[in-house]
Amino acid sequence: MKYTATSGGREYLIEVLGAESDVFRLSVDGVSWEVDCVRISDRTYSLLLDNTAYEVDFIKGVSPYAVRVKGEIHDVEVLTEREKRMRVFSKKVDAGVEGRHAIVSPMPSKVVRLLVAVGDQVNVGDAVIVVEAMKMENELRASGAGTVREIRANEGEAVTGGQTLLIVE
Amino acid sequence: MFRKILIANRGEIALRVIRACREMGIRTVAIYSDADRAALHVRKADEAYHVGASPSAESYLRVDRILDVARESQAEAIHPGYGFLAENPTFAEACEHAGLTFIGPSSETMRLCGSKTASRRLAKRVGVPTIPGTEQDLTDAEILKKAPEIGFPILIKAAAGGGGKGMRVVQEPAQLEAGIRAARSEGQSSFGDPAIYVEKYLIRPRHIEMQILADATGHTVYLGERECSVQRRHQKVIEESPSPFMTPELRLQMGEAAVAIVRGSRYQNAGTVEFLVDADRNFYFLEVNARLQVEHPVTELVTGIDLVKSQIAIAAGEPLAMRQEEIKPRGHAIECRIYAEDPTFNFAPFPGKIVRYRPPGGPGIRDDTGVYEGFEVPIYYDPMISKLVAWGKDRPEAISRMRQALQEYLIAGIKTTIAFLVEVMADSRFLAGDIDTTFVDTFLQQGGRGEARHRDVAVVAAALRAHFSEQDRQGVAPAARAVAGSVWARVSRQEGLRRR
């Protein structure tokens, strides 16, 4: 099985060649790795690489993962071959609607105020919506210029992390 | 001694008080809002009563509901914790009227300490230096006249403010009028009071506070200082005791100043006197915090004195046995506040479900937490979820213990400030004790060290995780052994059964 991992602005091609009990034979960008991997829990793995022990914690358990190793936290996105093909495909589709920007809620919160209406023109950096969590208000800003096409949340509504609130195009 | 105490709070401090009560054989009554039904303090209490909907104003701030619960549960005393109603004189008074013992100072003392202007007047009266500034709630015209006398930069403060809120720095005379308008408006909307006063703004001061204990007879002692200069937007992040900047002479002067102020307000119970200290070791009185503070553990670890049990004993009328000469701090303690915030997104709060919770251990490590694995951190309250405290024989040992403990600490499912704290523990200025109230801003500006020595291992582990997910999806038997419920354990159990 082949995977493409992206972290720190770099892509890695990883192939799982085989496994024998706990030991996995991998090819990482063409280099052979033998990784002894045991799952301590759903969020913690114990890796042995050439007898060097690494305890790996997944602070975020779905891709893009937040992986902690020896105190360093790295964001790693991993795609299967199929997912990579789908992504290239959807980029082609989006190219037809280039310049589409979604404003996404970064965390579970409540929509306090909508600062724009459908049809308004916005520039990069304009505040478009105010969300509140834990007694603090945060202004979310447009990441691209254009017209507000869709507003997908109402004032007073509770939203989840990652939920699309607004589309600018 | 009390038989039953109601804890009018939530989270880690409620659990802290519950533990002290359990040690003393006192029954505990917890209160909870809708969001906190499954909270740790409810689980650990002897009795628990629902007080209202999740927003604080509808639950933890409901004086009437809390007094109802006290009546119904027949609690004899109320411990207010910190925040919420802890420094609310109306609440303390209502407890007094209801025949309940409020574990803290009297409502009268609280009123005095709660007014920044009144407490500055008290400090002057007992001969403790204060920051050049005004003593009364002034009109705009008076402030405009006084400001140049005090000297710029100037700090405008809300008279009813606290906890670092309701403050504004004005660098030049031209910005003063706008600053006054904004400060009054914030004072009104945040605290319901537009009264403001002004002070000289000290450049790069250190925030050093003194812990005091006073009993009903007025016998007062100080338990050493805490250095609290590592703050972000005036919210404390890291505290330690002793202060690396302290000298025995300064400790004596500040300790005696704290005691003088506290005696002057007829203070009873635990309290903290805050000072600002400039680079020349001149100290200036800031305010009295008439409550138990968040960072009390660092004092407990270096003095060996349980502050919460002391509070309860004092409130029950027991005289304070300790003499000032007997209080001898030992070693060094550091506390890191762990917040459910995303340090990479301007520390925006990050509520959500804690999927994995694995606190650290080892010698000298103390974790005062309010959460557990599976708990849904609510959006309604302060995002501090635990306090990690490390004690060592000296400051370097405390720091290295803290660093190891932070790296061991796993909280998954939400974002926390743990990674940020790890970097501070490795920062050369922090290690040198070269800290003041500008430390965090400077630290954040210089950017993280962004160590990436083990990125490749992270990438490989992530790829394996994706691989396991793929196999699950395809219905293939898992390749990696899962320790929980491992195949080997199952096989050996079956073998064992068969042999019998």
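Letters go in sequence order (proteins before strands), and every chain restarts at 1. It should be emphasised that the depicted structure is a prediction, and the values quoted were computed from it without experimental measurement.
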### Message
With a 4.5 angstrom heavy-atom cut-off, is it the side chain or the backbone of B/Ile411 that approaches chain A, or both, or neither?
### Response
backbone
### Message
Please check if the number of heavy atoms outside B/Phe345 that lie under 6.0 Å from its CZ is greater than 12.
### Response
no
### Task
Verify the distance criterion only: is there a donor paired with an acceptor across the side chains of B/Arg356 and A/Thr44 at less than 3.5 Å?
no
### Query
Roughly how far, to the nearest 0.5 Å, is CG of B/Leu410 from CZ of A/Phe58?
11.5 Å
### Query
Just by modelled atom types, is the A/Asp42 backbone N or O under 3.5 Å from a matching donor or acceptor in the B/Arg465 side chain?
yes
### Task
Name the option with the most non-hydrogen atom pairs under 4.5 Å to chain A; the candidates are B/Pro351, B/Ala348, B/Ala463.
B/Pro351
### Task
Heavy-atom pairs under 4.5 Å with chain A are the metric here; pick the option from B/Asp382, B/Val355, B/Val377 that has the most.
B/Val355
### Summary
In terms of heavy-atom contacts, A/Ile73 and B/Ala419 come closest through CD1-CB, 3.8 Å
### Message
Side chains of B/Pro349 and A/Asn138, heavy atoms from C-beta outward: is any pair under 4.5 Å?
### Response
yes
### Query
Hey, does B/Val460 have a side-chain heavy atom less than 4.5 Å from the side chain of A/Leu26?
yes
### Query
Is the CZ atom of B/Arg37 crowded by more than 12 outside heavy atoms at less than 6.0 Å?
no
### Task
Output the distance between atom OH (A/Tyr12) and atom CG (B/Asp456), rounded to the nearest 0.5 Å.
7.0 Å
### Task
For residues B/Gly413 and A/Arg43, report the shortest heavy-atom separation together with the two atoms involved.
N-NH1, 3.9 Å
## Note on the structure
Given A/Val69, A/Val28, A/Asp57, the one with more heavy-atom pairs under 4.5 angstrom with chain B than any other is A/Asp57
### Query
Does a side-chain heavy-atom distance below 4.5 Å link A/Ile59 with B/Thr416?
no
### Query
Would a distance-only check, ignoring hydrogens and angles, find a side-chain to backbone donor-acceptor pair under 3.5 Å from A/Glu72 to B/His454?
yes
### Message
Taking the side chain as everything from C-beta on, heavy atoms only, tell me whether B/Arg455 gets closer than 4.5 Å to A/Val76.
### Response
no
### Message
Show, in sequence, the C-alpha distance, side-chain angles and deciding distance for A/Glu55 and B/Arg358, and conclude whether the salt bridge (charged side-chain N to carboxylate O under 4.0 Å, His left out) test is met.
### Response
CA-CA 13 Å; A/Glu55 188 172 78; B/Arg358 193 187 66 212; 3.1 Å; yes
### Query
Taking atom NZ of A/Lys70 as the centre, does the number of heavy atoms from other residues, nucleotides or ligands within less than 6.0 Å exceed 12?
yes
### Message
Using heavy-atom distances under 4.5 Å, tell me whether B/Pro378 contacts chain A through its side chain, its backbone, both, or neither.
### Response
backbone
### Task
Using a strict 4.0 Å threshold on nitrogen-to-oxygen distance, state whether B/Glu470 and A/Arg82 make a salt bridge.
yes
### Message
If I measure from the heavy atoms of chain A, does B/Tyr409 come under 4.5 Å with its side chain, its backbone, both, or neither?
### Response
backbone
### Message
Rounded at 0.5 Å granularity, tell me how far NZ in A/Lys110 sits from CD1 in B/Ile379.
### Response
7.5 Å
### Query
Can you tell which of A/Gly71, A/Ser7, A/Ala5 has the highest number of heavy-atom pairs within less than 4.5 Å of chain B?
A/Ser7
### Message
Taking atom OH as the centre, does B/Tyr380 end up with more than 12 heavy-atom neighbours from other residues, nucleotides or ligands that are less than 6.0 angstrom away?
### Response
no
### Task
For B/Arg473, look at atom CZ and say whether over 12 heavy atoms of other residues, nucleotides or ligands are found less than 6.0 Å away.
yes
### Flag side-chain contact, heavy atom, 4.5 Å: B/Val459 against A/Arg10
no
### Task
Counting only heavy atoms closer than 4.5 Å, note whether B/Glu408 contacts chain A via side chain, backbone, both or neither.
backbone
#### Entry: Exceeds 12 heavy-atom contacts within 6.0 angstrom, atom CD of B/Gln474
yes
### Query
Got a second to check how far B/Gln471's CD is from A/Met1's CE, nearest 0.5 Å?
8.5 Å
### Query
Crowded around A/Glu150 CD? As in, over 12 foreign heavy atoms under 6.0 Å?
yes
### Task
Using non-hydrogen atoms and a 4.5 Å limit, figure out which bit of A/Glu77 sits close to chain B: side chain, backbone, both or neither.
neither
### Query
Can you check whether B/Phe468 reaches A/Cys37 side chain to side chain, under 4.5 Å on heavy atoms?
yes
### Query
Side chains of B/Val457 and A/Val35: does their closest heavy-atom pair fall under 4.5 Å?
no
